[in-house]
Amino acid sequence: MDLGNLTIKKLGNMYRAKEVTVREVVDAYLKEIEAKNGELNAYLGIYDDVIEQAEEAQKKIDAGLGTELTGVPFAVKDNILIKGKRVGAASKILENYIGSYDAFVIEKLKKEGVVFIGRTNLDEFAMGGSTENSAYGVTKNPHDTNRVAGGSSGGSAAAVGADLALVSLGSDTGGSIRQPASFCNVVGLKPTYGSVSRSGLMAMGSSLDVIGPITKTVTDAEIIFNTIKGKDTKDGTSHDGEWGEKKETKKVIGVPRSFLGIDGIDDDVKENFEKSLEDMRKLGYEVRDIEMPTLPLSLAVYYIIMPAEVSSNLSRFDGVKYGMHVDGENLVDDYFKTRGAGFGKEVRRRILIGTYVLSSGYYDAYYRKAVLARNKIKKEFEEVFKDVDVIALPTSPVPSFKIGEKSDPLSLYLADIFTVSANIAGVPAISLPGGTVERDNKKLPTGFQLFAPHNREDILFSYGKSFLGED
Ligand code: GLN
């Protein structure tokens with residue numbers, strides 16, 4: 001079976017024509033996992049009922065009740081809950097934790113009869129950009145195993161990139177779907193904030209978090225997005241995507257030129273980005289330089305708002321309600337000991353930063369200012385989208401880096417420069433395979449990223465399909 005060229009539509013056609021059974025497809029993926037996961041570490045665990053799920057899906061198809069997603073093998077980021085299944089955010093603090101309910105997205109996908117293959121590696125609680133912060137080891141890049149798969153959804157991106165699943169789910173708080181997708185040469189969609197329910201997603205930064213698909217094609221991302229989106233009573237910020245003006249598109253791409261002039265952008269990444277813009281011009285799109293002077297603020301704003309929310313969200317892991325418990329002298333000491341032993345370094349760092357920026361005396365200096373700047377950034381996006389359909393940027397300023405290369409936290413934070421603004425503004429963004437660069441005789445992928453106005457995933461899909469030549 002040619003897993004490399006499989007898509008949701010092709011697989012559906014094969015099922016309907018009875019060319020292949022769900023069991024055979026699932027077995028083919030399990031075989032790949034067996035061969036490659038030892039080295040890549042994309043999956044942290046394979047679910048024990050994969051075969052039963054495949055058989056259920058087959059029954060649905062045979063009864064003529066299948067949908068386009070029935071029997072489609074999914075990998076799931078290890079911070080999305082499935083009832084009765086192990087889930088742990090790649091953290092020691094949740095070492096033996098079992099999901100107590102289905103995430104909204106899982107509920108939706110179960111109805112379609114997809115097959116959940118296993119849970120994929122991530123930076124602990126999604127905090128990072130390389131999966132090096134996982135308590136269970138780094139995920140290696142399928143294109144060069146000396147390099148990272150990106151993060152935090154590194155396992156989900158590597159799984160799809162290396163044909164260990166047809167599609168996967170990730171979460172994106174500041175780029176965690178798009179950046180690993182770009183490192184692994186696949187498509188990553190960060191939907192509009194609130195368009196996909198956060199119910200059952202372990203919270204990182206609640207005003208930024210969103211679940212989205214990682215796929216080989218834009219068409220597949222669209223199919224999954226259309227299935228998992230929608231209002232959910234369990235997430236008060238979720239919505240039906242209907243608000244906002246749905247203007248006709250003008251085929252105009254805006255490029256925040258001066259933002260591309262900042263330090264630290266790899267020359268080959270820039271060159272690939274220019275080539276991608278040229279491809280779009282050839283396809284009949286106008287590429288126009290735009291000014292977005294508040295964009296450079298977005299990284300600082302993100303690294304204040306995100307840890308503030310992290311410090312609050314992660315206070316629930318106290319050794320009493322969930323997971324690990326370490327006995328101390330008294331209750332407060334229990335908390336200290338459990339959290340000290342259970343959380344890794346980066347998670348503790350962010351809890352400390354977040355607590356600091358929210359503490360009295362510093363709240364006005366940091367958190368409040370960041371919120372004000374956030375509003376400015378949002379307004380700037382709204383203004384710009386009056387004239388252009390999409391904004392284009394590279395996904396990451398650098399291609400995949402070597403494992404251990406970015407050992408100080410700041411250099412990793414800086415690599416989030418092009419992705420965080422979408423989360424700050426809440427707008428949808430997509431990373432598309434945008435060429436390769438050569439390093440150590442290996443071809444490393446780079447990403448072409450597009451941002452659209454709120455609830456205009458449709459524009460990302462139409463632009464993305466023309467860019468990748470999908471019909
Ligand atoms: N790399 C970013 C960070 O470290 C984004 C993480 C995410 O989107 N979950 O915070």
Given Asp266 and Arg439, is the salt bridge (Lys or Arg N to Asp or Glu O under 4.0 Å) satisfied, shown in steps? CA-CA 12 Å; Asp266 184 281; Arg439 295 282 185 282; 2.7 Å; yes

Are the side chains of [X] and [Y] in touch, meaning some heavy atoms are under 4.5 Å apart?
X: Leu3; Y: Glu32; value: yes
X: Val347; Y: Leu314; value: yes
X: Val196; Y: Val105; value: yes
X: Ile305; Y: Val301; value: yes
X: Met127; Y: Val310; value: yes
X: Leu169; Y: Ile214; value: no
X: Ile8; Y: Ile224; value: yes
X: Tyr47; Y: Ile82; value: yes

Hey, what do you get for [atom1] ([X]) to [atom2] ([Y]), rounding to the nearest 0.5 Å?
X: Tyr43; Y: Ile117; atom1: OH; atom2: CD1; value: 5.5 Å
X: Asn96; Y: Arg86; atom1: CG; atom2: CZ; value: 6.0 Å
X: Phe116; Y: Ile80; atom1: CZ; atom2: CD1; value: 9.5 Å
X: Ile61; Y: Arg16; atom1: CD1; atom2: CZ; value: 8.5 Å
X: Phe448; Y: Lys275; atom1: CZ; atom2: NZ; value: 13.5 Å
X: Ser421; Y: Asn423; atom1: OG; atom2: CG; value: 8.0 Å

Determine yes or no for a side-chain-to-main-chain donor-acceptor pair under 3.5 angstrom, with [X] supplying the side chain and [Y] the backbone.
X: Ser411; Y: Asp408; result: yes
X: Ser311; Y: Ile351; result: no
X: Asp163; Y: Leu166; result: no
X: Ser298; Y: Leu295; result: yes
X: Thr227; Y: Ile223; result: yes
X: His143; Y: Gly161; result: no
X: Thr120; Y: Ala75; result: no
X: Asn79; Y: Ala203; result: no
X: Glu95; Y: Met324; result: no
X: Ser182; Y: Gln179; result: yes

Tell me whether [X] at atom [atom1] has more than 12 heavy atoms from other residues, nucleotides or ligands lying less than 6.0 Å away.
X: Lys92; atom1: NZ; value: no
X: Lys10; atom1: NZ; value: yes
X: Glu34; atom1: CD; value: no

Working note: Thr219 + Glu470, criterion side chain to side chain donor-acceptor pair (under 3.5 Å); need CA distance, chi angles, decisive distance, verdict. CA-CA 8 Å; Thr219 309; Glu470 294 174 32; 2.5 Å; yes

Do we see a donor-acceptor contact under 3.5 Å between the side chains of [X] and [Y]?
X: Lys77; Y: Ser152; value: yes
X: Ser134; Y: Asn121; value: yes
X: Thr192; Y: Glu457; value: yes
X: Asn5; Y: Asp2; value: yes
X: Asp209; Y: Ser171; value: no
X: Thr67; Y: Glu112; value: yes
X: Arg374; Y: Ser207; value: yes
X: Asp416; Y: Thr419; value: no

For the residue pair [X] and [Y], categorise the inter-ring angle as parallel (less than 30°), tilted (30 to 60°) or perpendicular (more than 60°).
X: Phe317; Y: Phe343; result: perpendicular
X: Tyr413; Y: Tyr303; result: parallel
X: Phe259; Y: Phe418; result: perpendicular

Is the shortest side-chain N to carboxylate O distance from [X] to [Y] below 4.0 Å?
X: Arg198; Y: Asp232; value: no
X: Asp220; Y: Lys9; value: no
X: Asp172; Y: Arg178; value: yes
X: Asp49; Y: Lys85; value: yes
X: Asp102; Y: Lys110; value: yes
X: Asp62; Y: Lys59; value: no
X: Arg23; Y: Asp27; value: yes
X: Lys337; Y: Asp334; value: no
X: Arg350; Y: Glu346; value: yes
X: Lys402; Y: Asp440; value: yes

Side chain to side chain contact (heavy atoms under 4.5 Å, CB included), that's the test. Do Asn272 and Val437 meet it? Break it down for me. CA-CA 8 Å; Asn272 278 359; Val437 304; 3.6 Å; yes

Can you see which heavy atom on Pro307 is nearest to which on Tyr302, and at what distance? CD-O, 3.5 Å

Looking at every heavy atom in both Leu122 and Ala89, which two are closest together, and how far apart are they? CD2-C, 3.8 Å

According to side chain to side chain contact (heavy atoms under 4.5 Å, CB included), who are the partners of Ala158, at least two apart in sequence or on a separate chain? Ala42, Thr139, Pro142, Ala149, Cys184

Applying side chain to side chain contact (heavy atoms under 4.5 Å, CB included) to Asn226 and not counting sequence neighbours gives Glu222, Lys229

Cation-pi geometry met for Lys83 and Tyr101 (6.0 Å, 45°):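 Relative to the ring axis of Tyr101, which defines the angle, Lys83 lies outside at least one limit.
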
Can you check salt bridge (Lys or Arg N to Asp or Glu O under 4.0 Å) on Arg119 and Asp78, steps first, answer last? CA-CA 5 Å; Arg119 57 192 181 95; Asp78 188 37; 3.1 Å; yes

Kindly determine whether Thr131 and Asp123 satisfy side chain to side chain donor-acceptor pair (under 3.5 Å), including the steps that lead there. CA-CA 4 Å; Thr131 67; Asp123 288 292; 5.4 Å; no

